[in-house]
> 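Dumping the structure here so I can ask a few things about it.
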Amino acid sequence: MPELPEVETVVRGLRSLITGQTIQRAEVYREKTVPGSTPQAFAAAIQGHTIKSVTRRAKYLLFQLEPNSVLLGHLRMTGKFVVADPPSEPAPHDRAWFWLGNGQVLIFTDMRNFGTLELFPSATEIPKLQVLGPEPLTEDFDARYLYPRLKASSKEIKPFLLDQRLVAGIGNIYASEILFASSVLPQRSSHSLKKKEVQAIVENTRRILLSAIEYNGTSVSDFRQVDEKTGEFQNFLQVYDKESQPCPRCEVPLQRIVQQQRSTFFCIGCQK
DNA sequence: AGCGGAACCTGTCGGC
DNA sequence: TGCCGACAGGTTCCGC
């Protein structure tokens with residue numbers, strides 16, 4: 001499900017609702033949702049902690065807790081966070097409940113069970129965050145960074161944009177959109193890209209992700225904001241999930257191919 | 001080291 | 001109508 005803009009939307013939604021709240025009690029309903037721990041140990045470890053802040057790194061959510069610790073969440077494909085008055089019992093897909101001091105409950109729910117919650121002593125001690133590439137919306141991500149890395153790679157450009165070690169936060173929808181906006185074919189080998197094309201990818205990445213954040217993300221099937229509303233950026237997608245539809249730029253029917261087991265959408269007419 | 005492919009899960013949709 | 005395969009916004013692991 002969620003890529004950088006969707007996770008950012010969730011983080012912003014949560015921030016106003018749970019910052020400053022103390023987790024009075026927690027219950028975890030599925031063992032594998034808390035890898036490396038057990039439902040009981042996880043619940044015991046987190047209870048009594050106050051949520052100081054909610055932030056994002058790539059597609060991860062970081063809940064800074066006090067006393068010092070970090071709850072690291074990943075939504076994977078179908079994970080969601082909801083804040084609500086406590087329902088009488090957990091819904092079938094609810095994986096964890098956190099009772100807050102204000103009487104509400106923070107619910108982590110996840111139909112497909114890929115999403116995870118993990119506790120760490122501090123953010124600097126999370127190995128998987130350390131291998132991530134730069135955030136695409138910071139100054140670190142520019143053509144000077146990207147060009148030499150593409151030059152050194154024989155991978156196809158679209159799968160390479162999904163590599164979180166190269167740049168962190170782009171997923172399957174936005175990768176197709178970015179390459180369409182940049183007029184670059186997704187199957188081009190990364191090292192074949194000209195400087196101008198790399199510059200276009202940098203600029204379009206920034207523009208598209210910022211715009212998607214502004215529209216609260218993309219709801220293709222089941223992404224929802226914390227308040228259960230859909231995002232609106234699906235109304236602005238140019239190619240994703242639009243196989244056979246006319247290209248918005250040149251009218252040639254859009255195509256779908258599979259790269260590294262994932263769908264890619266593009267226009268054979270105007271992407272070069 | 002780096003690659004491709006399978007695995008982790010559940011639900012939905014389209015074709016026969 | 002019903003069954004069966006394909007597919008879904010992501011990451012990790014395994015074998016070569």
> Are any of A/Arg262's side-chain N or O atoms less than 4.0 Å away from OP1 or OP2 of C/dC7?
no
> For the P atoms, the ones on B/dC9 and on C/dC13, what distance do you get once it is rounded to whole angstrom?
14 Å
> When you measure from the side chain of A/Lys155, which nucleotide among B/dT10, C/dT11, B/dC3 comes out closest?
B/dC3
> Considering every strand and a 4.0 Å limit on heavy-atom distances, what is the contact class for A/Arg95: base, sugar-phosphate, or nothing?
nothing
> When we call it a touch if two heavy atoms are under 4.0 Å apart, what does A/Tyr60 touch: a base, just sugar-phosphate, or nothing?
sugar-phosphate
> Using a cut-off of 4.0 Å on non-hydrogen atoms, how would the nucleic acid contact of A/Arg165 be classed: base, sugar-phosphate, or nothing?
nothing
> Would you measure the distance from the P atom in C/dG5 across to the matching atom in B/dA6 and give it in whole Å?
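My reading of the P atoms in C/dG5 and B/dA6 gives 16 Å.
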> Using a side-chain heavy atom cutoff under 4.5 Å and only I, L, V, M, F, W and Y, what cluster partners does A/Trp99 have?
A/Tyr29, A/Val82, A/Trp97, A/Val105, A/Ile107
> Any Lys/Arg nitrogen of A/Asp163 or A/Lys155 sitting under 4.0 Å from an Asp/Glu carboxylate oxygen of the other?
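The answer is yes: the pair qualifies as a salt bridge.
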> Between C/dA8 and B/dC3, how far apart are the C1' atoms? Round to whole Å, please.
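That atom pair is separated by 24 Å.
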> Which nucleotide, in any strand shown, forms a Watson-Crick or G-U wobble pair with C/dC13, with both distances under 3.5 Å?
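Paired with C/dC13, as far as the under-3.5 Å criterion goes, is B/dG5.
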> Just compare C/dG10, B/dT10, C/dC7 and give me whichever is closest to any side-chain atom of A/Asn113.
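Out of C/dG10, B/dT10, C/dC7, the nucleotide with an atom closest to A/Asn113's side chain is B/dT10.
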> Salt-bridge test for A/Glu197 and A/Lys272: reply yes if a basic N is under 4.0 Å from a carboxylate O, no otherwise.
no
> Kindly point out which of C/dG9, C/dT11, C/dT12 is positioned nearest to the side chain of A/Lys128?
C/dT12
> Nearest to the side chain of A/Gln261, heavy atoms from C-beta on, is which of B/dG5, C/dT11, C/dG9?
B/dG5
> So which of A/His93, A/Arg95, A/Arg76 actually passes side chain to side chain contact (heavy atoms under 4.5 Å, CB included) with A/Asn113?
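Among A/His93, A/Arg95, A/Arg76, the one that satisfies the side chain to side chain contact (heavy atoms under 4.5 Å, CB included) with A/Asn113 is A/Arg95.
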> Scan A/Thr116 against the nucleic acid and name what it touches under 4.0 Å (heavy atoms): base, sugar-phosphate only, or nothing.
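Contact class for A/Thr116: none.
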> As a test of reading the structure: which of C/dT11, B/dC8, C/dA8 is closest to the side chain of A/Lys59, going by heavy atoms?
C/dT11
> Any carboxylate oxygen within less than 4.0 angstrom of a Lys/Arg side-chain nitrogen, looking at A/Arg57 and A/Glu135?
yes
> Roughly how many Å apart are C/dG9 and B/dC13, using the P atom of each and rounding to a whole number?
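Pairwise P distance, B/dC13 against C/dG9, rounds to 15 Å.
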> Out of C/dG10, C/dT11, B/dC9, which nucleotide sits closest to the side chain of A/Gln164?
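Among the listed nucleotides, the one closest to the side chain of A/Gln164 is C/dT11.
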> Tell me which nucleotide among C/dA8, C/dG10, B/dG11 gets nearest to the side chain of A/Arg76.
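Shortest atom-to-atom distance from the side chain points to C/dG10.
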> For the P atoms, the ones on C/dC7 and on B/dG5, what distance do you get once it is rounded to whole angstrom?
15 Å
> Return the nearest nucleotide to the side chain of A/Phe114; candidates are B/dG5, C/dG9, C/dG10.
C/dG10
> Report yes if a side-chain nitrogen or oxygen of A/Arg112 is closer than 4.0 Å to either non-bridging phosphate oxygen (OP1 or OP2) of C/dG10; otherwise report no.
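Checking A/Arg112 against C/dG10: no side-chain N or O falls below 4.0 Å of OP1 or OP2.
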